[in-house]
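Lettering of chains follows the sequences in order, A, B, ..., and the numbering in each one begins at 1. Only this structure's heavy atoms are used, side chains among them; waters, hydrogens and symmetry mates stay out.
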Number of protein chains: 2
Amino acid sequence: MPKRVDPTERRTQIADALMRVAAERGLEAVSLRHVAAEAGATTGLVQHYFGTKDEMMLFALEVVSGHIGQRMEAAVNALGPSPAPRDLIRALAVQLLPLDEQRRADGRVGLAFFAYAATRPDVAEVQRRGSQGLRDFFATMMPEPAATTLLALVEGLALYLLTDTYSAATALGALDGYLDSVFGRP
Amino acid sequence: MPKRVDPTERRTQIADALMRVAAERGLEAVSLRHVAAEAGATTGLVQHYFGTKDEMMLFALEVVSGHIGQRMEAAVNALGPSPAPRDLIRALAVQLLPLDEQRRADGRVGLAFFAYAATRPDVAEVQRRGSQGLRDFFATMMPEPAATTLLALVEGLALYLLTDTYSAATALGALDGYLDSVFGRP
DNA sequence: GTTTTTGCATCACGACTGTAATGTAAAACG
DNA sequence: CGTTTTACATTACAGTCGTGATGCAAAAAC
């Protein structure tokens, strides 16, 4: 048989191509053929690694979650040891905002998946777990109701940033303003 | 010629059918044929009133905006004359939250259109105008940065309500908590 | 009453979709 | 070395999509 291949590596390559297509042309442009072409492969390859399209979509969603997780971890590490709760929370929240092209792309994919999840319960479940994990973590360093509010606020800011309704300065101002009201003015 | 017909009435009927399809099966299920079938008509009729699909989508989006506007107006009227700013703002914000089946349907359609707008600049423009009008109005009765934050918060809460990540009580608690922090505890 | 216009239905077209079936070459395995 | 297994390509299929063309009955216009 041909050179043995790491399946998850190939699957990740395909998912990356999917995300490029979704970010540039919307989730509705995500078809087996477009994704395959973007990945420089054939539909047969995609079919080999994902029996069905839904399976591929679900995997891609998990890849996006992974990206966010990695970025948040990196942001935490960049803060040094035992940071102030406010700084930590701010660093994490900022990673959820689409402030650069990379995060905008992820954000667009995430948004597309939100709409996708509206009719796919299993997709919705993946998203729910992601945000609940985040809220639980926030709740360990700030009062519970504030964690809930902050998460929703960040999500709303992300939405308005994506549509260019809010500027980066406006969004960061809103975030810092809310953190002020929770932790007190610095 | 056959009985003369009010075009906007027919267009609205079609848009209503579109929204039913979108709410139940997602925006990706919105096709000329499905919408026509849901409206009890043929694709020829739909084509007669909307030259192209995009035209139909755009009109439907404006219908959703109209729904929201009507609901907000009704909520304001229900408050009686010269209400307290906080009560007025709360009433408006609540109308943006998908707390009953009707608003959930609208919310799902609105969310689907958010994703749709990611690749359609003209659709994005319609949405931008809607939220900016809202923010401007909020800003007339509360400090400007708070209006910005509130709008984003409500949008985020709406998103989490739609995905059943937050309960109605949680979302309303977050909204009231934020209003407390702006207007002072009642 | 004839003509014209309008509302809508029907059908055809080419493009695209997800999926299944089949083929093929290469490397691992016994 | 021969066989089996794996990775991937190619092709075929039935279905759906948006759109344009054509048809036709009914009512308005004259």
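Contact between the side-chain N/O atoms of A:His34 and the OP1/OP2 oxygens of C:dC16 is not found at any separation under 4.0 Å. Note on A:His48: every side-chain N or O is 4.0 Å or more away from OP1 and OP2 of D:dC8. Here A:Thr42 does not reach the OP1 or OP2 of D:dC8: none of its side-chain N or O atoms lies under 4.0 Å away. Note on A:Ser31: a side-chain N or O is less than 4.0 Å away from OP1 or OP2 of C:dT17. Contact annotation: A:Thr52 side-chain N/O to C:dT19 OP1/OP2 distance is under 4.0 Å.
Between A:Tyr49 atom OH and C:dT19 atom P the separation is 18 Å, expressed in whole Å. The nearest whole Å value for the distance from the CZ atom in B:Arg11 to the C1' atom in C:dC8 is 16 Å. Regarding A:Lys3, its NZ atom lies at a distance of 13 Å from the C1' atom of D:dC8, rounded to whole Å. Taking atom CZ of B:Phe50 as the reference point, atom P of C:dC8 lies 12 Å away to the nearest angstrom. Here D:dT19 presents its P atom at 11 Å from CE of B:Met57, a figure rounded to the nearest Å. Rounding to whole angstrom units, CD of residue B:Gln13 and C1' of C:dC8 are separated by 14 Å. The CZ atom of A:Arg33 sits 11 Å away from the C1' atom of D:dA12 (whole-angstrom rounding). Rounded to whole Å, the distance from CG on B:Leu18 to C1' on D:dG18 is 14 Å.
Across all strands, B:Arg10 comes closer than 4.0 Å only to sugar-phosphate atoms, never to a base (heavy-atom distances). A:Val46 comes within contact range of no nucleotide atom at all, as no heavy-atom separation falls under 4.0 Å.
Distances from the side chain of A:Arg4 to the nucleotides D:dT6, D:dT10, C:dT10 place D:dT6 closest. Nearest nucleotide to the side chain of A:Leu45, out of C:dG7, D:dC8, D:dT6: D:dC8. Side-chain proximity of B:Leu32 to the nucleotides D:dC8, D:dG18, C:dC11 is greatest for D:dG18. Across C:dC8, D:dA7, D:dT10, the shortest atom-to-atom separation from the side chain of B:Val5 is found for C:dC8.
The CZ atom of B:Phe114 lies 4.0 Å from the CG atom of A:Leu159; values are rounded to the nearest 0.5 Å.
Side chains of B:Leu151 and A:Tyr166 form a contact here, defined as non-hydrogen atoms less than 4.5 Å apart. Between A:Leu92 and A:Leu134, the closest side-chain pair of non-hydrogen atoms is not below 4.5 Å. Side chains of A:Gln95 and A:Arg103 form a contact here, defined as non-hydrogen atoms less than 4.5 Å apart.
Within 3.5 Å, no donor on the side chain of A:Gln47 pairs with an acceptor on the base of C:dG18, nor the reverse.
A:Thr165 and B:Gln132 get closest at one heavy-atom pair: O-NE2, 3.9 Å.
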